Undergrad: 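Before I ask anything, let me first share the structure, which is written out below as structure tokens.
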Amino acid sequence: MKKLITTLTNIWKIEELRNRILNTLLFLLIYRIGCHVVLPGVNPDALVVNREGGNDIMNLINMFAGGSFSRAAIFALGVMPYISASIVVQLLGIAVPAFQKMQKEGESGRKKMMQITRYLTVAITLVQSIAYVKTQIGPEAKTIADPMFSILSAIVLTAGTLFVMWLGEKITDKGIGNGISLIIMAGIIAQLPAGITAEWGSRMSPSGGGPIPLLLEFVALFFVVIFTILVVQGVRKIPVQYAKKIVGNKQIGGVRQYIPLKVNAAGVMPIIFAQAIMFLPMSLTQFFPNVQSDFLTSLSNYTSVTYNVVFALLIIAFTFFYTAIMVNPQQMSEDMKKNGGFIPGVKPGYETNLFIDNVISHITFPGAIFVAVIAILPAIATLFGVNNQFAHFYGGTSLLILVGVVLDTIQQIESHLLMRHYDGLMKTGRVKGRSSATTVEGYDQSAI
């Protein structure tokens, strides 16, 4: 306890760090207030019917939006359109030569791609806002007649998403941590009290089993979080030796560094891609009621064996796919060769390329298995009687985001403390975020 008080005191003493933390809390507070501001022309009381009728997929989307999705709030779409636009631009940077050229232009190219991402965000948000108004807000909740209501709501929802995007950029610039990630985390954590309350109510009911099963659930959640941290933090270090150079009277190089290849280099992207594909059977049955089969029905139920087996296989496949396009062994070997680096016992150039590619293939498979297990844990928890609202915190995208963002933020706070010669947050070792791994000259592997 004394160590904690001392650490908090040291954090408060650093003016820059104190201001950044306060700015972050202020921006997150603004975001949370906006999540409760209902769209103009919507009767909030009439939305209760729609909330109760939501399916599991909608509950998941609502959790990422911090509950504003079910409230028809001005931030109902959150930052998801921006994330979708970022993914599209990122993939274009791999497949389209013009975008590849912009990536190599440094800061100016980064600004151009950011501008394209913003324009694409506006387009995606307009489409999603119209779909949201048509599908999630019933006629009984509208106090303004169409088409005026749809036009007004589309404009407000688009402006809300752009404002949330601006808040995220401000947090990154003037706060602590990655702004967009913190906004997503704030939305997920905001649903945790409701999930715990719902689980407490179900367990304390006459047929719920009492406090013992509830205690076991929290113990299981603790070990799941520890397991997720191991997956997020796991790296395979490849040693790299640099040749010695004599420049004047000084010796340059000769140091030994390492390439930190992450076990989960793809981050949460495989789960996001797999979930997008798993939405298709449900959409197919909704738009074409006549197209019904046991297989499609099972794929629409996220607790069924068929759904989870297909979901896990898709995650494993997308993990290999996304790792292959994000980690380039050939570029890494070329960068090492240019800077006079080599892996001990491996010839520079093609042999180094094969060696790194082989290591990536070996560590990606267990990493993909781990991510698939984490992704299906909420369904397993539901089968064991855990309430649906609370089960989402046992794994999936939400848990990976929470663990990754918390580690990144803590790592940045610790960097501020160590920079000013204070003790770190831990007695031994240092906290490592997803992007805090040591880098090799000419190569920067940041986590997603």
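What you are looking at is a predicted structure, and each value in this text was computed from that prediction instead of being measured.
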Undergrad: Ring-plane angle category for F69 and Y132, please: parallel below 30°, perpendicular beyond 60°, tilted otherwise.
TA: perpendicular
Undergrad: Nearest 0.5 angstrom please: N387 CG to E217 CD, how far?
TA: 9.0 Å
Undergrad: Does any N or O in the side chain of T323 come within less than 3.5 Å of the main-chain N or O of F320, such that one atom is a donor and the other an acceptor?
TA: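 It does not hold such a pair.
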Undergrad: Using modelled atom types and a 3.5 Å cut-off, is there a donor and acceptor pairing between side-chain atoms of T143 and backbone atoms of G41?
TA: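 Side chain of T143 to backbone of G41, a donor-acceptor pair under 3.5 Å: yes, one is there.
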Undergrad: Rounded to the nearest 0.5 Å, what separation is found between the CG atom of L167 and the OG1 atom of T172?
TA: 10.5 Å
Undergrad: Is there a donor-acceptor pair closer than 3.5 Å between any side-chain N or O of R203 and the backbone N or O of P211?
TA: no
Undergrad: Just checking Y394 against F384, ring centres under 6.0 Å apart?
TA: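 No, ring centres 6.0 Å or more apart.
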Undergrad: If you count heavy atoms of other groups shown closer than 6.0 angstrom to CE of M204, is the number above 12?
TA: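 Result for CE/M204: enclosed.
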Undergrad: Can you tell me how far the CG atom of L407 sits from the CD atom of Q411, to the nearest 0.5 Å?
TA: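 Answer rounded to 0.5 Å: 9.5 Å.
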Undergrad: Under 3.5 Å, side chain of E199 to main-chain N/O of F390, donor-acceptor pair present?
TA: no
Undergrad: Should the heavy atoms of other residues, nucleotides or ligands under 6.0 Å from OH of Y119 be counted, would the total exceed 12?
TA: no
Undergrad: Can you label the angle between the F27 ring and the W166 ring as parallel, tilted or perpendicular, going by 30° and 60°?
TA: perpendicular
Undergrad: Are there more than 12 heavy atoms of other residues, nucleotides or ligands under 6.0 Å from atom CD of E107?
TA: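 It does: E107 CD has more than 12 such atoms within range.
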Undergrad: Has S70 got a side-chain atom pairing as donor or acceptor with G67's backbone, closer than 3.5 angstrom?
TA: yes
Undergrad: For the atom pair CG (D408) and CG (L182), what is the distance rounded to the nearest 0.5 Å?
TA: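 Spacing of CG (D408) from CG (L182) equals 9.0 Å.
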Undergrad: Check E105 with R110, please: is the shortest side-chain N to carboxylate O separation under 4.0 Å?
TA: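 Not counted as a salt bridge, because no side-chain N and carboxylate O are separated by less than 4.0 Å.
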Undergrad: If I take atom CD1 from residue I176 and atom CG from residue N19, how far apart are they, to the nearest 0.5 angstrom?
TA: 11.5 Å
Undergrad: Please work out whether the ring planes of F321 and F318 are parallel, tilted or perpendicular, with thresholds of 30° and 60°.
TA: perpendicular
Undergrad: Give a yes or no answer on whether the side chain of N264 reaches the backbone of V232 with a donor-acceptor pair at less than 3.5 Å.
TA: no
